[in-house]
Q: 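Pasting a structure here, questions to come.
Reckoned from all heavy atoms, side chains included, excluding hydrogens, waters and symmetry mates. Reminder, nothing fancy here: chain letters follow the sequence lines and each chain counts from 1.
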There are 2 protein chains.
Amino acid sequence: MARKQQEKSKQTKEELMRSAGDLFGQKGFMATTVAEITAHAGYSKGSFYRHWVSKDKLFMEIIENKLKEYRSSRDERLDKAGSLEEVMHIIWDFLEIIVRDENWAKVFLEFTVYASRIPELRNDLSLSQYRLSEKVFAELVRDFVETGYPPEKLGAFNTVLFEGYMVQSALGTGIVDLKDIREAALTVALANGLKKVQ
Amino acid sequence: MARKQQEKSKQTKEELMRSAGDLFGQKGFMATTVAEITAHAGYSKGSFYRHWVSKDKLFMEIIENKLKEYRSSRDERLDKAGSLEEVMHIIWDFLEIIVRDENWAKVFLEFTVYASRIPELRNDLSLSQYRLSEKVFAELVRDFVETGYPPEKLGAFNTVLFEGYMVQSALGTGIVDLKDIREAALTVALANGLKKVQ
DNA sequence: CGACTAAATGACCGATGGTCATTTAGTGAC
DNA sequence: GTCACTAAATGACCATCGGTCATTTAGTCG
């Protein structure tokens with residue numbers, strides 16, 4: 001039934017993904033070599049390309065996995081949210097998880113910038129929703145905006161704050177902390193999105 | 001007097017810098033090859049390394065030149081500034097110049113992220129002041145802050161906004177415009193830095 | 001002109017992402 | 001058990017990159 005072979009292949013793929021995950025986190029995307037990934041998992045270089053067509057695609061698959069679980073738990077909470085403020089807190093709890101993992105926040109940024117030069121990859125990335133795109137954000141927030149303020153703009157502004165913080169965090173000049181950013185985001189959201197703010 | 005040789009060497013260097021500047025702006029830092037830079041200027045690859053020890057150092061020199069003139073005009077205006085609001089406007093006029101040149105804003109970001117993995121380069125970059133670091137910013141703002149609010153934090157928050165916008169701009173998802181960002185920066189600065197805000 | 005030096009060249013190096021013919025090892029019919 | 005078949009794994013190989021360096025070309029000056 002060829003069961004054993006399939007399982008072995010699957011296992012190999014998982015081992016390679018773990019190895020790659022470790023190395024990307026430590027050294028970054030560019031600096032991690034395909035040969036290192038396979039060697040670290042105990043395979044030869046050629047094995048890699050039986051599972052992915054490129055280093056890029058492997059990375060895409062890793063981040064997809066990495067964020068899938070977070071998203072689901074976020075979306076569960078969002079279903080129960082009753083106000084703009086609640087939604088904002090859920091969203092920033094979610095973002096906080098990403099930022100807290102400093103190594104990966106840095107790698108995300110590295111890959112995003114890298115991908116922005118490669119049309120196909122850039123497209124994949126925007127489809128993958130790994131970035132909190134302004135569109136996604138706008139949908140999350142739309143139902144709770146009482147004023148005429150465009151939810152897209154609210155989303156985009158949050159993304160700016162978030163990614164700006166990612167850059168700061170990646171460069172290691174940590175003067176603002178996430179709490180400050182979160183507060184600023186909340187203030188702006190409530191001021192623009194609600195009719196009455198006390 | 002060897003005058004002619006020196007001038008030729010200087011001219012060659014300038015030609016290479018122009019060539020590099022064009023190509024970096026079009027294709028980015030990584031995607032631009034040393035061989036391309038020299039070929040585009042009509043020289044051979046080896047010539048490059050008579051003028052710079054690496055592609056990195058050439059880039060450093062280009063951005064240094066690119067920003068020197070901007071900084072001087074900014075600093076002139078800052079000498080005459082009389083309020084926090086004025087300082088903020090001058091700073092954001094300065095940042096606007098950077099962001100307006102979309103190609104270069106993108107390359108700056110690319111290089112910053114790239115350099116963050118290379119300790120020596122990262123150090124050079126922070127010394128070069130090409131980034132509006134929170135320290136530089138704090139100095140500009142310090143004299144006008146009336147409250148106990150730390151100028152460093154004000155600076156850092158501005159940098160977050162600015163670099164977040166750079167990322168958005170680099171990825172080409174332009175929903176927030178610079179005016180929104182500038183307004184937000186001003187609001188936060190005045191709210192935290194002044195005792196009375198009308 | 002001849003000795004010296006600076007500018008320019010391009011073959012070369014090691015490392016990288018990616019390819020592919022070859023080897024190794026399960027699988028299933030008989 | 002054995003044979004044909006197929007999937008997994010290998011590593012030599014390729015083009016390209018940043019960077020090096022011995023060699024060539026061409027000003028400089030006594």
Q: Mind calculating the distance between NZ (A:K27) and P (C:dT16) to the nearest angstrom?
A: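 So the NZ-P distance, A:K27 to C:dT16, works out to 8 Å.
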Q: If I take atom CD1 in residue A:I118 and atom P in nucleotide C:dG17, what distance separates them, rounded to the nearest angstrom?
A: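 Nearest whole value for this atom pair: 13 Å.
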Q: Could you run through DNA chain D and flag its stems, i.e. three or more consecutive Watson-Crick or G-U pairs with both distances under 3.5 Å?
A: C:1-30 with D:1-30
Q: What is the distance, rounded to the nearest whole Å, between atom NZ of A:K8 and atom C1' of D:dT10?
A: 13 Å
Q: Within residues 11-26 of chain A, which residues have any heavy atom lying less than 4.0 Å from an atom of DNA chain C?
A: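 Contacts with DNA chain C under 4.0 Å: none.
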Q: With sequence neighbours excluded, tell me which residues meet side-chain hydrogen bond (donor to acceptor under 3.5 Å, both in side chains) with A:E61.
A: A:K13, A:W52
Q: Identify, with sequence neighbours excluded, every residue that meets side-chain hydrogen bond (donor to acceptor under 3.5 Å, both in side chains) alongside A:K153.
A: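 Here the qualifying residues are B:D180.
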Q: Tell me every residue that passes side-chain hydrogen bond (donor to acceptor under 3.5 Å, both in side chains) with B:T12, counting only those two or more places apart in sequence or in another chain.
A: B:K8, B:Y43
Q: Among residues at least two apart in sequence or on other chains, which ones pass salt bridge (charged side-chain N to carboxylate O under 4.0 Å, His left out) with B:E139?
A: B:R142
Q: For B:E76, which residues count as a salt bridge (charged side-chain N to carboxylate O under 4.0 Å, His left out) partner, sequence neighbours excluded?
A: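 B:E76: no salt bridge (charged side-chain N to carboxylate O under 4.0 Å, His left out) contacts found.
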Q: Which residues pass the side-chain hydrogen bond (donor to acceptor under 3.5 Å, both in side chains) test with B:K55, sequence neighbours left out?
A: none
Q: The criterion is ring pair (Phe, Tyr, Trp, His ring centres under 6.0 Å); which residues satisfy it with A:W104, sequence neighbours excluded?
A: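 Here the qualifying residues are A:F59, A:F108.
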Q: Does anything in residues 34-60 of chain B come within less than 4.0 Å of DNA chain C? Heavy atoms only, and list the residues if so.
A: B:Y43, B:S44, B:G46, B:S47, B:R50
Q: Please determine, by modelled atom types, if B:E15 and B:Q11 share a side-chain donor-acceptor pair under 3.5 angstrom.
A: yes
Q: Report, one line per pair, each donor and acceptor closer than 3.5 Å where one atom sits in a side chain of residues 21-28 of chain B; sequence neighbours left out.
A:
from, atom 1, to, atom 2, distance (Å)
B:K27, NZ, B:E36, OE1, 3.1
B:K27, NZ, B:E36, OE2, 2.7

Q: Counting only pairs under 3.5 Å, give me each side-chain donor-acceptor contact of residues 93-101 of chain A, with atom names and distances, residues two or more places apart or in other chains.
A:
from, atom 1, to, atom 2, distance (Å)
A:D93, OD1, A:R182, NH1, 3.3
A:D93, OD1, A:R182, NH2, 2.5
A:D93, OD2, A:R77, NH1, 3.0
A:D93, OD2, A:R77, NH2, 3.2
A:E96, OE1, A:R182, NH1, 2.6
A:E96, OE2, A:R100, NH2, 2.8

